[in-house]
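Here is the structure we will look at, set down as structure tokens.
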Amino acid sequence: LLHAAHSLGYRVVKNPIATLQTGPAPVFLQDLAGHKLALQPVPNGVAIAGNCGIAAIHEVVRQHTVDAVQRHLGTKWTAVKSRQAAGGNVEFEAKEASAGQAGGAATIKAQIDGDGRVHVDIDNVKGNRCEKVLSEFSKAVGGKASVVKKKPAYWQLPGEPTKVKI
């Protein structure tokens, strides 16, 4: 989050409040317009607070997520494409780098909303390998899937021909 905030123009500033801290100290940030954020490590991650409203916090979280998706897709995936979509959303599309995967080489599409939430679509995979692809993606972006909808290909075995009714 610190890197994302920095890329949006925030800089680390001295702690404005002298306190006796027992745990990790918060990091205080400020941009040129005077907007302030505090990043506080907590057991499940990082808590963010600020004087600039929820939209600025969402912007930092979204940038953090965009950076994480770019890093992840840039390592194992090919033909990575990204574009700025309507409403500030960012869309990514990529193909799995290694062909010959059991269940097929996956295609992944990810849409990052303005508040940092991600919608992921995994395609061209048979069987449950999509769960592994989703798990790796979720771990890379620091989140976990909250809703999963399985496609018909999930119930096909790798190598099984697609059944079509005519």
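- The cationic atom of Lys150 (NZ for Lys, CZ for Arg) lies less than 6.0 Å from the six-membered ring centre of Tyr154 and within 45° of the ring axis.
- Side-chain contact, Asn89 with Glu91: no donor N or O sits under 3.5 Å from an acceptor N or O.
- With no hydrogens or angles considered, a side-chain donor-acceptor pair links Asp113 and His119 at under 3.5 Å.
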Quiz item: How far apart are the C-alpha atoms of Glu96 and Arg129, what are their side-chain angles, what is the distance that settles it, and do they pass the side chain to side chain contact (heavy atoms under 4.5 Å, CB included) test?
Solution: CA-CA 12 Å; Glu96 200 166 23; Arg129 201 169 69 74; 2.9 Å; yes
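- Rounded to the nearest 0.5 angstrom, Leu8 CG and Glu59 CD are separated by 4.5 Å.
- Atom CG of residue Asp121 and atom NZ of residue Lys109 lie 6.0 Å apart, to the nearest 0.5 angstrom.
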Exercise. For side chain to side chain contact (heavy atoms under 4.5 Å, CB included), just list the numbers for Lys151 and Asp123, CA-CA rounded to whole Å, side-chain angles, deciding distance to a tenth of an Å, and then say yes or no.
Key: CA-CA 9 Å; Lys151 296 180 177 182; Asp123 213 355; 3.6 Å; yes
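- Between atom OG1 of residue Thr107 and atom CH2 of residue Trp77 there is a gap of 7.5 Å, rounded to the nearest 0.5 Å.
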Show me, pair by pair, the donor-acceptor contacts under 3.5 angstrom made by side chains of residues 63-72, not counting sequence neighbours?
unit_1: Gln63; atom_1: NE2; unit_2: Asp67; atom_2: OD1; d: 2.9
unit_1: His64; atom_1: ND1; unit_2: Leu1; atom_2: N; d: 3.4
unit_1: Thr65; atom_1: OG1; unit_2: Val61; atom_2: O; d: 2.9
unit_1: Thr65; atom_1: OG1; unit_2: Gly116; atom_2: O; d: 3.4

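- Put simply, the side chain of Arg83 does not reach to within 4.5 Å of the side chain of Val90, judged on heavy atoms.
- The line from CG of Leu134 to NZ of Lys144 is 13.0 Å long, rounded to the nearest 0.5 Å.
- Here the side chains of Phe137 and Val120 are in contact, with some heavy-atom distance below 4.5 Å.
- Around atom CD1 of Ile54, more than 12 heavy atoms belonging to other residues, nucleotides or ligands sit under 6.0 Å away.
- In this structure, Asn128 contributes its side chain and Glu131 its backbone to no donor-acceptor pair below 3.5 Å.
- Proximity of Val27 to Leu2: side-chain heavy atoms (C-beta onward) are separated by under 4.5 Å at one or more points.
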